[in-house]
Amino acid sequence: MAIPTIDLSPFFKEGDGDGDEYEDERKKAIEIIKEACSEYGFFQIVNHGVPLDLMSRAIRLSKTFFEFSSEEKLKYSPGAGAPLPAGYSKQPDHSADKNEYLLMFPPQSSFNILPSNPPDFRDVLEEIFVYFRKTGELLETILNDCLGLSPATEAENNGISEHEDGNCVTFVIQDEVGGLEVKKDGNWIPVVPSESTIVVNISDIIQVLSNNKFKSATHRVVRSKERSRHSFAFFYNLHGDKWVEPLPQFTEEIGAEPKYRGFLYKDYQAMRMRNKTHPPSRPEDVITINHYAVSTE
């Protein structure tokens, strides 16, 4: 089994004015994406508009940074008492996750603590962030077509053991080591890495808005014993003050009960962020979107 791969090039093309010859290609891609969101909550995209050389440079410089000594990396740590965990962090020993990461907010954010070493790393991070945001805007439009809705979003946040992501859509590029897996029907499906692809992960907010029509994919990373894995994850988010609840198109208008109670997005993000800054020692204490699920009893 393999997750679907979709070519986004038709969405970057325009017709010649005598009818849009690319419309059929776009419709076909939308149908494949719609099915992937319902069946997997995961798919991959190619011809997505993010320069491949930029993706390669980002992975290469990331590897260089994480090979530095702990002393060097901790220069870019948020430090105790920081309002947000931007910059370099490593999971505590009691956490189920065994990764270290560099968390970045939008380039203009005053919370960012971006490395000055290796040279050009900061510039590459800021440049790829801009490209990912543009890709997010395109995917938002496509998902609107899939669901018949029009949410408004903006980018932020981060997501190794089995989990779902707490935002709208996540983009992932991973190096050749791979290890990313998505769960479907109780089976774990490897997401095979490719230099030209970006992995798209439908996340919690889309699942809530669609009242479970589209699924927030359960996924994990399986660690290699021989090699370290490097990846970039970009989290495309709502504004914090947005109210989130199942949309009427998927509830009252079709006679279905809402499967979630409504909530402010920033409240959910605060709880998810606490999962990151203060990882619970027991997996069952991790806050997920089920915190807002409506009981069927």
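Take Thr135 and apply the side-chain hydrogen bond (donor to acceptor under 3.5 Å, both in side chains) test, not counting sequence neighbours, and it matches no residue. Partners of Phe132 according to the ring pair (Phe, Tyr, Trp, His ring centres under 6.0 Å) rule, which considers only residues two or more places apart in sequence or in another chain, are Phe234. Taking Phe171 as the reference, nothing meets the ring pair (Phe, Tyr, Trp, His ring centres under 6.0 Å) condition, with sequence neighbours excluded. Annotation: salt bridge (charged side-chain N to carboxylate O under 4.0 Å, His left out) contacts of Glu25 (sequence neighbours excluded): none.
At distances below 3.5 Å, not a single donor-acceptor pair connects side-chain atoms of Asn201 with backbone N or O atoms of Thr170. Side-chain atoms of His239 do not come within 3.5 Å of backbone N or O of Lys266 as any donor-acceptor pair. Put simply, the side chain of Asn47 never gets that close to the backbone of Pro10: no donor and acceptor are under 3.5 Å apart.
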Could you walk me through whether Glu31 and Lys34 satisfy the salt bridge (charged side-chain N to carboxylate O under 4.0 Å, His left out) test, starting with their C-alpha distance in whole Å, then the side-chain angles of each, then the deciding distance to 0.1 Å, before giving a yes or no?
CA-CA 5 Å; Glu31 287 304 312; Lys34 185 186 298 186; 3.5 Å; yes
Could you give the side-chain donor-acceptor pairs of residues 115-123 under 3.5 Å, partners two or more places apart or in another chain?
| unit_1 | atom_1 | unit_2 | atom_2 | d |
| --- | --- | --- | --- | --- |
| Ser116 | OG | Tyr76 | OH | 3.1 |
| Arg122 | NH2 | Leu114 | O | 3.0 |

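Between Val200 and Ile33 there is no side-chain heavy-atom pair separated by less than 4.5 Å.
Here CE of Met55 is found 12.5 Å from OH of Tyr131. Values are rounded to the nearest 0.5 Å. Here the CZ-CG distance, from Arg272 to Asp267, works out to 14.5 Å after rounding to the nearest 0.5 Å. Considering CD of Glu100 and OG of Ser70, their distance stands at 7.0 Å, rounded to 0.5 Å. With values rounded to the nearest 0.5 angstrom, Glu72 atom CD is found 9.5 Å from Leu74 atom CG.
Hydrophobic side-chain contacts under 4.5 Å tie Trp243 into a cluster, directly or through other members, with Leu264.
Classification of the Tyr292-Phe263 ring pair by plane angle, with boundaries at 30° and 60°, yields parallel.
Geometrically, Lys73 does not engage Phe68 in a cation-pi contact defined by less than 6.0 Å to the ring centre and at most 45° from the axis.
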